[in-house]
Amino acid sequence: RRRKKRRDALASFEIKDEDLTFRLDQQKQDEEYTYDDSYDIWDDDHEYYDDEPIVTTPPDRINFAKYGKKGVTNGSDILDNIPASIYCDLVTTLTEKCVEHSLLEMWRFSSDLISSTTTQEIVDAVNWLETSPWFGHQADFSQLLGGIKRNSSGHIVSAEAARMVWSIRVPEDAEIVESQGSGVELELGDATSLAWEDEFVKVIKHESDETSEHFEIIPNAVKSYGEVSSQAIFFDGTLMAGGYFLMFIYTAVMLGKLNCVEVRMFLTIAGISSIVMGLVIALGISSALGFPYTPMHAILPFLCLGIGIDDMFVIVQCLNNQKRSHSGNLPPVSEMIGAALKHAGVSITVTSVTDVLAFGVGAVTAMPGLQSFCVCTALGLASIYLLQVGWFVAWLAVDEERVRASKNAFVPCVRHSTRTEGGPDQEAGQRTITQSVIRWYRALLSCTVYRVVIVLTSLCVLAFGVWGFTLIRHKFDPFLLLPADSYLSRFIAVNDEYFEPYRGWSAEIYTGRINHTDLARIDSLVTELEILKQQNLYIQDYHSWWTHFKTFTQEKTNYSSWKDLANPEDFPRVFSDFMFSSYGSKFKINFKFDGEVQCNHPAPPILATKFDIEYFPFDGPEEHVPAKDMIDHLIAKSGLQNAFTFVKVYAAWETDKIIGFELWRNVGLALMCVFVITLILLANIKICLMVLGIVVITLIDIVGFLHFWNITIDIISCINIVIAIGLCV
């Protein structure tokens, strides 16, 4: 009656047009709640009836008496009375099971039981099971559901999404893959684990396509972020080739005239090839110097293409100006080229040198990725500049000789009787149009109203720029690197809608060797973390083996406190018992021992430990920077040797911490270089100040409008701001 079919994260189920019967086992009294179809199951005024016969579940299905609420026997009391030898034989012969959490646990992953289940059994199991029939430990299956609907008594009656979780283990001797593709990975894994995850994503996508009419299945693997983010920050080879092809056509059209003689096809090829050679030189030298290739290098081909083509246009335009200034007999090509470079040299040198220095100052940054990109870009621009005034100019001289000899632009061995198809009338017409536009614009510039409009418009834009400049935030949001149409973006959107949002990061606290002398230090650290948790400051929870060890010591040993066993004899023995107990067995993976841990034997020396902390969702560096600093302070205060906290997102947090200072220092150094270079080459202090002022205003406007476009200052926007300095000169 209220059927809802909604796409969800992993699976969905819905309430059918039928009565739902709940079986309750409360205070040893069986009650049944029957929901008549004439009533609204979401109505808080819904009444319950208990005059229907009780429906029981066959024993071979879900055992509610054993795994349901108030039906779990305290097995730990029974285990306490078992002799140590028998207990050790029991726990060491237990079989391991793959860690897969889903609603299917309720039927012990039995295909027959799953296929024959009913809506009522599903609802009963979700509401009343508190122990997993498959794993035997406590489980809250409602945590696997999203979009939950409850009735007035708080019972779950429907859900719109369900979640399934698989956990895989990376072998200790596995070789870790440091870079998972070209993106930004947040976890590390070995080749086998990454291959399994790759197949996992493929299978889920295929199943989702097959069942798309009924529900949607969305995967999310550890490698997903690194894989998907690479699609947004790494170049597409087809797009780059297309961009170079478009620029090739544009350059060929703009460098010459559209006729068989004066179209400069081979000169265009020479100019584009000089840019490619400059890129190869830059990548080769930077790699030889030890700078890595990063995803940010993807924009380097387009950056060098734009700057390199600009130099080509300037040189050819100066040559055309020289040709027009000699209306009669033209001087030799060598003299014409020399005169053209005399005029174009200052322009291309100012832009190229300022670009090189603007990126060169990035070599002093503390961020390796930005440093590598800036060094490579500076080398690339310098190489392209040298190739433009050498390689390109040489080909320009050769091509100019061809034009004067009226040879075909595509087949140079073919000579034409006339140089152009349109003749002098076409060239005169082009000059007339250009001169008319120049005369019109000159008159417009002399108009007072136009100048007032320009000044007022510039001031308004600057005011908005200053406003945004003061509000811009320094924040790296890794989710901004995800394409909006990716499966991971969809997973995050669905998860945020139906489950807890993915905003609070989990980190680990690692320690080195510990023994009985370090127990007080560990207790001090965990106590401080508990204080932070109680104060709702920085962390929302932590999962430490130490808390459970203290409980185990008080409840299952003859010691009243952990302090009584802080000696070299008792601590290894008690700790071994803890590792094989229900209190500590789940923490066994959080320890590295100098040997094998054996039941009923003293534990070998502990080489390393770890436990988790969960941060609150942070909205920026003003929150996560002090949180990270506080955790570092507590670790240092505890006195634990070789202890530290780590999660890969700390790299982004460290970037947020220093990127503000790094950015404005680099911008300041770049502006100083711009002023010095323009002063040396232009030799006019007034023009130098004007150039500097315009560059500063441009940067303010760029940074200000970044804020209004919901873009923050991160390493990517930082690079583009540095690029803007060179381009606006």
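Side chain of Thr645 to main chain of Glu508: a donor-acceptor pair is present (N/O by atom type, distance under 3.5 Å, no hydrogens or angles). Checked by atom type and distance alone, the side chain of Arg108 pairs as donor or acceptor with a backbone atom of Arg61 at under 3.5 Å. Side chain of Ser208 to backbone of Ile218: no donor-acceptor contact under 3.5 angstrom is found. Not one N or O on the side chain of Glu105 forms a donor-acceptor pair closer than 3.5 Å with the backbone of Ser132. The closest donor-acceptor contact from the side chain of Asn127 to the backbone of Ile156 lies under 3.5 Å. A donor-acceptor contact shorter than 3.5 Å is absent between the side chain of Glu121 and the backbone of Thr117. The backbone N or O of Phe291 lies less than 3.5 Å from no partner atom in the side chain of Ser286, so there is not a single donor-acceptor pair. Counting only distance, with no hydrogens or angles, the side chain of Thr712 and the backbone of Arg473 share no donor-acceptor pair below 3.5 Å. Counting only distance, with no hydrogens or angles, the side chain of Ser486 and the backbone of Pro483 share a donor-acceptor pair below 3.5 Å.
Ser544 and Thr547 share no donor-acceptor pair across their side chains, judged by distance under 3.5 Å alone. Side-chain contact annotation: Asn151 with Ser153, donor-acceptor N/O pair under 3.5 Å present.
Contact check for Glu614 versus His543: side-chain heavy atoms found under the 4.5 Å cut-off. Side-chain contact between Leu532 and Leu634 is present, with at least one heavy-atom pair separated by less than 4.5 Å. Between Leu113 and Ile62 the shortest side-chain heavy-atom distance does not fall below 4.5 Å. Contact annotation: the side chain of His155 never approaches that of Val123 to less than 4.5 Å [non-hydrogen atoms, C-beta and beyond]. Inter-residue side-chain proximity for Ser224 and Tyr487 is flagged as met; some heavy-atom pair is nearer than 4.5 Å. Between Val201 and Lys223 the shortest side-chain heavy-atom distance does not fall below 4.5 Å. Counting heavy atoms from C-beta outward, Lys628 and Lys657 have side chains that stay 4.5 Å or more apart. In this structure the side chain of Lys149 reaches within 4.5 angstrom of the side chain of Glu160, judged on heavy atoms.
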Enumerate, atom names and distances included, each donor-acceptor pair closer than 3.5 Å involving a side-chain atom of residues 701-709, sequence neighbours excluded.
none

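The side-chain contact (heavy atoms from CB on, under 4.5 Å) search around Ser102 returns Glu100, Leu104, Phe109, Met164, not counting sequence neighbours. For Tyr250, there are no side chain to side chain donor-acceptor pair (under 3.5 Å) partners at least two apart in sequence or on another chain.
Across Cys304 and Leu381, no two heavy atoms sit closer than the pair SG-CD2, 4.2 Å. Smallest separation of non-hydrogen atoms from Leu129 and Met106: CD1-CG, 3.6 Å. Asn220 approaches Phe491 most closely through the heavy-atom pair ND2-CE2, 3.4 Å. Here the shortest heavy-atom pairing between Cys374 and Ala363 reads CB-N, 4.5 Å. Ser489 and Ala484 get closest at one heavy-atom pair: CB-O, 3.7 Å. Closest approach of Phe200 and Pro219 over heavy atoms only: CE2-CB, 4.0 Å.
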**Request:** Could you check Leu529 against Ile509 for side-chain contact (heavy atoms from CB on, under 4.5 Å), going step by step and ending with a plain yes or no?
**Result:** CA-CA 11 Å; Leu529 293 176; Ile509 294 180; 4.1 Å; yes
**Request:** Take Glu199 and Val203 through the side-chain contact (heavy atoms from CB on, under 4.5 Å) test and state the conclusion after the steps.
**Result:** CA-CA 6 Å; Glu199 190 66 22; Val203 169; 4.1 Å; yes
**Request:** For ring-ring contact (aromatic ring centres under 6.0 Å, His included), just list the numbers for Trp664 and Phe469, CA-CA rounded to whole Å, side-chain angles, deciding distance to a tenth of an Å, and then say yes or no.
**Result:** CA-CA 12 Å; Trp664 304 126; Phe469 187 93; 5.2 Å; yes
**Message:** Could you walk me through whether Thr655 and Asp714 satisfy the side-chain contact (heavy atoms from CB on, under 4.5 Å) test, starting with their C-alpha distance in whole Å, then the side-chain angles of each, then the deciding distance to 0.1 Å, before giving a yes or no?
**Reply:** CA-CA 8 Å; Thr655 301; Asp714 55 24; over 6 Å; no
**Request:** For the pair Ile539 and Ile631, evaluate side-chain contact (heavy atoms from CB on, under 4.5 Å) and give the outcome as yes or no after the intermediate values.
**Result:** CA-CA 9 Å; Ile539 64 171; Ile631 299 301; 4.2 Å; yes
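In this structure, Asp209 does not pair ionically with Lys205, as no charged nitrogen and carboxylate oxygen lie closer than 4.0 Å.
In this structure, CG on Leu663 lies 11.5 Å from CD1 on Ile658, to the nearest 0.5 angstrom. Atom CD of Gln371 sits about 9.5 Å away from atom CD of Glu662, to the nearest 0.5 Å. Separating the NE2 atom in His101 from the CH2 atom in Trp166 is a distance of 11.5 Å, to the nearest 0.5 Å. Separating the CD1 atom in Ile122 from the OG1 atom in Thr119 is a distance of 5.5 Å, to the nearest 0.5 Å. Note that the NE2 atom of His297 and the CG atom of Leu303 stand 11.5 Å from one another [nearest 0.5 Å]. Rounding to the nearest 0.5 angstrom, the gap separating the CD1 atom in Ile204 from the CD1 atom in Ile217 is 6.0 Å.
Each of Trp653, Tyr542, Tyr538 was evaluated against Tyr615; a single residue qualifies, Trp653, per the ring-ring contact (aromatic ring centres under 6.0 Å, His included) test.
Taking the six-membered ring where tryptophan is involved, the planes of Phe373 and Phe359 are perpendicular, since the angle between them exceeds 60° and thus also 30°. Using bins of under 30°, 30° to 60° and over 60° for the plane-to-plane angle, the ring pair Phe464/Trp467 lands in the tilted bin.
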